**Student:** 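Let me give you the structure first, and then I'll get to my questions.
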2 protein chains.
Amino acid sequence: MVAIGEASRLSGVSIETIRYYEREGIVSKAGRTSSGRRLFTDAEIAELRFIKRCRDLGFSVHDAVALKSIARKPNDACQSVEQLGRKHLTNIQEKIGELRQLESALTELVSNCEQGRKQCPMLHALMSQTDLEIGEAPFSKL
Amino acid sequence: MVAIGEASRLSGVSIETIRYYEREGIVSKAGRTSSGRRLFTDAEIAELRFIKRCRDLGFSVHDAVALKSIARKPNDACQSVEQLGRKHLTNIQEKIGELRQLESALTELVSNCEQGRKQCPMLHALMSQTDLEIGEAPFSKL
DNA sequence: CTTGCTCCTGTAGTCACTACAGGATGCATG
DNA sequence: CATGCATCCTGTAGTGACTACAGGAGCAAG
């Protein structure tokens, strides 16, 4: 049974974020001392670490909570996990694709810039009537 | 001189977003008819399109506004633009790197999943004491 | 007893929008 | 001229996932 500072150190989740997770019902509520301070069991610290791992893999909090609840029912757990994981993997790959397009578009725009030029080709492209060869702004937040 | 709906169509910026941009001082305030409806000049539509282009390239609104004001003063414009552009390009490349790490970590985790398995290896990794071989959650929002 | 650390609640800010609610105006048709 | 529908207005609240205080209380060591 440790206080919130130690729980934070052990789980890698910041104190403010732990309180936020509790408030939002993302993790279970920790017990309290008589004076109202939170006390964390090993299981609760593991829960925090689990969420942190999921977040570090880029899963949304929503998905992290889903994975946590899948982990508690043994039936078909692996299948559900794989489904969520593959969906997320697809999102990541799409995002990489989007960013690579941005990268190449921006590389080209910047490559024509030179110190002392009177007309900046990148500004010119940004101001032109014709469309650039890129899509809409990236939606996914990852 | 066109109304907001037409300005939206011409610039690709949604009506709600145009009003938001005006409210926040991101673009200059449009004139109004006697009854209070906004009227947009060609220059104001070009301004909206400029911001949209920047956003589509992944620049923050802050940077987009900076680029817009750089575009108005001809001295060293190209140099300032290049600087912002290269900085942003670096961010994009870092982000791609982060996502590739996520991709490979997740690919490995998911690859061991099989339907009907009793112990899910991905859940096991998420719950283990030892650290995963990935960094912190991605910060940059792009 | 005092100092300094940790902890508490509650609120506001971040970023860049999006989504209404509730009402006014403008235009075309009957 | 009345009706109906599209378009417009303001203002507010919600999104995701936190972060950053303000203002106060508790605890342990010297």
Side-chain angles (χ1 to χ4, degrees), chain A residues 1-27 29-40 44 48 50-68 88 91 95 136-142, chain B residues 1-27 29-40 44 48 50-68 88 91 95 136-142:
Chain A
M1 294 292 242
V2 298
I4 197 170
E6 187 64 7
S8 168
R9 251 160 271 136
L10 291 169
S11 65
V13 179
S14 83
I15 291 177
E16 304 273 18
T17 301
I18 292 175
R19 292 201 272 246
Y20 163 74
Y21 281 174
E22 186 186 289
R23 214 160 50 235
E24 299 295 307
I26 291 158
V27 298
K29 286 195 178 178
R32 301 287 182 126
T33 66
S34 54
S35 67
R37 295 187 172 203
R38 288 175 184 80
L39 280 181
F40 295 79
E44 283 156 354
L48 287 168
F50 183 92
I51 298 289
K52 174 129 211 316
R53 296 261 171 81
C54 294
R55 299 286 300 121
D56 286 347
L57 280 166
F59 283 102
S60 66
V61 165
H62 182 94
D63 281 0
V65 169
L67 285 167
K68 186 159 68 71
H88 181 48
N91 287 343
K95 184 75 195 174
E136 298 269 303
F139 328 100
S140 50
K141 294 133 200 175
L142 278 175
Chain B
M1 295 291 244
V2 298
I4 197 170
E6 186 65 7
S8 169
R9 252 161 270 135
L10 290 169
S11 65
V13 180
S14 84
I15 291 177
E16 304 273 18
T17 301
I18 292 175
R19 291 200 273 246
Y20 164 75
Y21 281 174
E22 185 186 290
R23 214 161 49 236
E24 299 295 306
I26 292 158
V27 298
K29 286 195 179 176
R32 301 289 181 123
T33 67
S34 55
S35 68
R37 295 186 171 204
R38 289 175 185 81
L39 279 181
F40 295 80
E44 282 156 356
L48 287 168
F50 183 92
I51 299 290
K52 175 127 208 321
R53 296 259 171 83
C54 295
R55 298 287 299 121
D56 286 348
L57 280 166
F59 283 101
S60 66
V61 166
H62 183 95
D63 281 358
V65 170
L67 286 167
K68 186 158 68 70
H88 182 49
N91 287 343
K95 185 75 194 173
E136 298 270 302
F139 326 102
S140 49
K141 294 130 201 178
L142 279 176

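Quick note on labels: first sequence line is chain A, next is B, and so on, each numbered from 1. Keep in mind that what you see is a predicted model, and the values were worked out from it rather than measured.
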**Student:** Taking for each residue the nucleotide of DNA chain C with the nearest heavy atom, is it B/R23 or A/R23 whose nucleotide lies nearer the 5' end?
**Tutor:** A/R23
**Student:** Between A/R19 (CZ) and C/dC8 (C1'), how many Å, whole number?
**Tutor:** 7 Å
**Student:** Taking side chain as C-beta onward, heavy atoms only, is A/F50 less than 4.5 Å from A/V27?
**Tutor:** no
**Student:** Contact list please: residues 31-38 of chain A against DNA chain C, heavy atoms, distance less than 4.0 Å, in numerical order.
**Tutor:** A/R32, A/G36, A/R37, A/R38
**Student:** Verify the contact: side-chain N or O of A/Y21 to OP1 or OP2 of D/dA17, cut-off strictly under 4.0 Å; return yes or no.
**Tutor:** no
**Student:** Check whether any side-chain N or O of B/T17 sits under 4.0 Å from OP1 or OP2 of C/dT18, and answer yes or no.
**Tutor:** yes
**Student:** Taking all heavy atoms of B/C54 and all of B/A64, pick out the closest pair and write down the distance.
**Tutor:** CB-CB, 3.6 Å
**Student:** In whole angstrom, what separates B/I4's CD1 from D/dA6's C1'?
**Tutor:** 15 Å
**Student:** Measure the distance from CD1 on B/I15 to P on C/dC17 and round it to the nearest whole Å.
**Tutor:** 16 Å
**Student:** What's the OH-C1' distance between B/Y20 and D/dG14, to the nearest Å?
**Tutor:** 14 Å
**Student:** Can you check the B/L39 CG to D/dC8 C1' distance for me, whole Å?
**Tutor:** 11 Å
**Student:** Mind listing the closest non-hydrogen atom pair of A/R38 and A/A30 along with its distance?
**Tutor:** CB-CB, 4.2 Å
**Student:** Quick check: closest heavy atoms across B/K68 and B/I51, and the distance to 0.1 Å?
**Tutor:** CE-CD1, 3.8 Å
**Student:** Locate the shortest heavy-atom distance separating B/A3 from B/L39; write the atom from each residue and the value.
**Tutor:** N-CD2, 4.4 Å
**Student:** To the nearest Å, how far apart are B/I26 CD1 and C/dC17 P?
**Tutor:** 7 Å
**Student:** Test B/L48 against every option in B/I18, B/L10, B/T17 by the side chain to side chain contact (heavy atoms under 4.5 Å, CB included) rule and name the one that passes.
**Tutor:** B/I18
**Student:** Separation of B/F40 atom CZ from D/dT7 atom C1', in whole Å?
**Tutor:** 13 Å
**Student:** If every non-hydrogen atom of A/F40 is compared with every non-hydrogen atom of A/E44, which pair is closest and at what distance?
**Tutor:** CA-OE1, 3.4 Å
**Student:** In whole angstrom, give the distance that lies between atom CD of A/E16 and atom P of C/dT11.
**Tutor:** 15 Å
**Student:** Looking at A/R55, does any N or O in its side chain come under 4.0 Å of the phosphate oxygens OP1/OP2 on D/dC18?
**Tutor:** yes
